[in-house]
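Notes follow the structure.
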Amino acid sequence: QLRSVPGVADVTRLMGAERFGTAAVVAEATVEALTASGRAPSQALVTLGSHPDPSRAWPDALAASQLAIRGGDVMLLTAPDGLPDSSRAVLDSLGVDTVTLVGGTSAIPPSVADGLADDGWTVDRIAGASRDATSVLLARAAVEVGATLDHVLVVSGGSYADALTAGPAAAALGGVMVLAQTDTLGAASSWLQQQRDDVGFLRIVGGTSAVSPAVEAELQAILS
């Protein structure tokens, strides 16, 4: 179907043996694109890629996409019980000094951090008390590397689909993305109120079953 679209010259596939391998292949393609533009990755972001509870396997990775794109970083996935060989191989080839783990110790345990540190990397961690709190920390980190609050995208932290597309959109707009709870804005509320003079457009991504009218009212109150 893609090949039949007018103007499509070629269709390629990036894939590994499983999700970790696919993330590693995408990371390698990211490095190639950065190199072609005269840049190099400054760090590697490592996020959780699987969990016995599937709802816990994706939030940090999707929220981290805005920082990875803005900072020109490489993002890799880890399993809860250790860093897969495919992710480790990319790290070994990157030539970066810093690995930033995204998510708390219940997502990525200290043993993963200790293993990376023992192998010579400087290990940082971006983690909040909840998935929406972590998303705020990631948005703040994106601001530190050039993003602004002119465009703030607010998406549900309860399902992955809207955040999957909103992270790259936020980066393309030069803005940030935060995760909301269904019926309350959550951790982003106090941060956006503190930064209200810098906030431009607040955009909710998703319908009212994903982000409720109550959250919309909170956002309108911040702007007023």
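- Residues Val74 and Pro41 approach most closely at CG2-CB, 3.8 Å, considering heavy atoms.
- In this structure, Leu101 CG and Leu116 CG are separated by 6.5 Å, a value rounded to the nearest 0.5 Å.
- Residue pairs meeting the salt bridge (Lys or Arg N to Asp or Glu O under 4.0 Å) criterion with at least one member in residues 60-75: none, sequence neighbours excluded.
- Under the 3.5 Å distance criterion, the side-chain polar atoms of Gln66 are matched with a main-chain donor or acceptor of Met177.
- The CZ atom of Arg140 sits 11.0 Å away from atom CG of Leu149, with the distance rounded to the nearest 0.5 Å.
- Rounding to the nearest 0.5 Å gives a distance of 6.0 Å between CG of Leu173 and CZ of Arg203.
- Considering only residues two or more places apart in sequence or on other chains, Asp97 meets the side-chain contact (heavy atoms from CB on, under 4.5 Å) condition with none of them.
- Formation of a donor-acceptor pair under 3.5 Å by the Thr184 side chain with backbone atoms of Gln181 is not found in this model.
- Alongside Phe20, the hydrophobic cluster contains Leu77 (criterion: ILVMFWY side chains under 4.5 Å).
- Hydrophobic cluster membership is shared by Leu91 and Val31, with clusters built from Ile, Leu, Val, Met, Phe, Trp and Tyr side chains linked at under 4.5 angstrom.
- Using modelled atom types, no side-chain atom of Ser189 and backbone atom of Leu185 make a donor-acceptor pair closer than 3.5 Å.
- Thr100 meets the side-chain hydrogen bond (donor to acceptor under 3.5 Å, both in side chains) test with Gln43; sequence neighbours excluded.
- The side-chain hydrogen bond (donor to acceptor under 3.5 Å, both in side chains) test applied to Ser130 returns Asp132, not counting sequence neighbours.
- Pairing each heavy atom of Leu137 with each of Ala127, the nearest pair is CD1-O, 3.2 Å.
- In this structure, Thr134 contributes its side chain and Gly128 its backbone to a donor-acceptor pair below 3.5 Å.
- Nearest heavy atom pair, residue Ile126 against residue Ala141, reads CD1-CB, 4.5 Å.
- Across every non-hydrogen atom of Ala180 and Val215, the tightest pair is CB-CG1, 4.4 Å.
- Considering only residues two or more places apart in sequence or on other chains, Ser106 meets the side-chain contact (heavy atoms from CB on, under 4.5 Å) condition with Arg56.
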Requested in this report: For the pair Met75 and Leu67, evaluate side chain to side chain contact (heavy atoms under 4.5 Å, CB included) and give the outcome as yes or no after the intermediate values.
Outcome: CA-CA 10 Å; Met75 188 159 66; Leu67 177 58; over 6 Å; no
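- With rounding to the nearest 0.5 angstrom, the CD1 atom of Ile222 is 5.0 Å from the CG atom of Leu192.
- The hydrophobic cluster around Val26 extends to Leu14, Val25, counting ILVMFWY residues whose side-chain heavy atoms fall within less than 4.5 Å of a member.
- Note on Leu45: it clusters hydrophobically with Leu138, by side-chain heavy-atom contacts below 4.5 Å among ILVMFWY residues.
- Evaluation of the side chain to side chain donor-acceptor pair (under 3.5 Å) test over residues 1-10, restricted to residues two or more places apart or in two chains, returns none.
- Side chain of Trp121 to backbone of Ala113: no donor-acceptor contact under 3.5 angstrom is found.
- No more than 12 heavy atoms of other residues, nucleotides or ligands shown are found within 6.0 angstrom of CG on Asp85.
- Listed by first and then second residue, the ring-ring contact (aromatic ring centres under 6.0 Å, His included) pairs that reach into residues 32-51 come to none, sequence neighbours excluded.
- Put simply, OG on Ser86 and CD on Glu28 are 9.0 Å apart, with the number rounded to the nearest 0.5 Å.
- The side-chain heavy atoms of Arg196 and Leu223, taken from C-beta on, include no pair separated by under 4.5 Å.
- The side-chain contact (heavy atoms from CB on, under 4.5 Å) test with Leu83 singles out one residue from Leu76, Ile108, Val46, and that residue is Val46.
- When all heavy atoms of Ala24 and Val90 are compared, the pair lying nearest together is CB-CG2, 3.6 Å.
- In terms of heavy atoms, Ala147 sits closest to Gly175 at CB-O, 3.7 Å.
- Side-chain atoms of Arg131 come within 3.5 Å of backbone N or O of Gly157 as a donor-acceptor pair.
- Hydrophobic clustering, with ILVMFWY side chains joined whenever heavy atoms are under 4.5 angstrom apart, groups Val143 together with Val136.
- Here the OG-CH2 distance, from Ser135 to Trp191, works out to 8.5 Å after rounding to the nearest 0.5 Å.
- Between the side chain of Ser212 and the main chain of Thr208, no donor-acceptor pair closer than 3.5 Å is present.
- Side-chain atoms of Ile204 and Glu216, non-hydrogen and from C-beta on, do get closer than 4.5 Å to each other.
- Identified under the ring-ring contact (aromatic ring centres under 6.0 Å, His included) test for residues 200-224, with sequence neighbours left out: His151-Phe201.
- With hydrogens and angles ignored, the 3.5 Å screen pairs a side-chain donor or acceptor of Thr78 with a backbone N or O of Gly82.
- Ser93 meets the side-chain hydrogen bond (donor to acceptor under 3.5 Å, both in side chains) test with no other residue; sequence neighbours excluded.
- Thr22 places no side-chain N or O within donor-acceptor distance of the main-chain N or O of Met15, the cut-off being under 3.5 Å.
- Hydrophobic clustering keeps Leu48 apart from Leu62 (ILVMFWY residues linked when any side-chain heavy atoms are closer than 4.5 Å, directly or through intermediates).
- Between the side chain of Thr148 and the backbone N or O of Asp150 there is at least one donor-acceptor pair closer than 3.5 Å.
- Grouping the Ile, Leu, Val, Met, Phe, Trp and Tyr side chains by contacts below 4.5 angstrom, directly or via other members, places Leu219 with Val199.
- Under the salt bridge (charged side-chain N to carboxylate O under 4.0 Å, His left out) criterion, Arg88 pairs with Asp119, not counting sequence neighbours.
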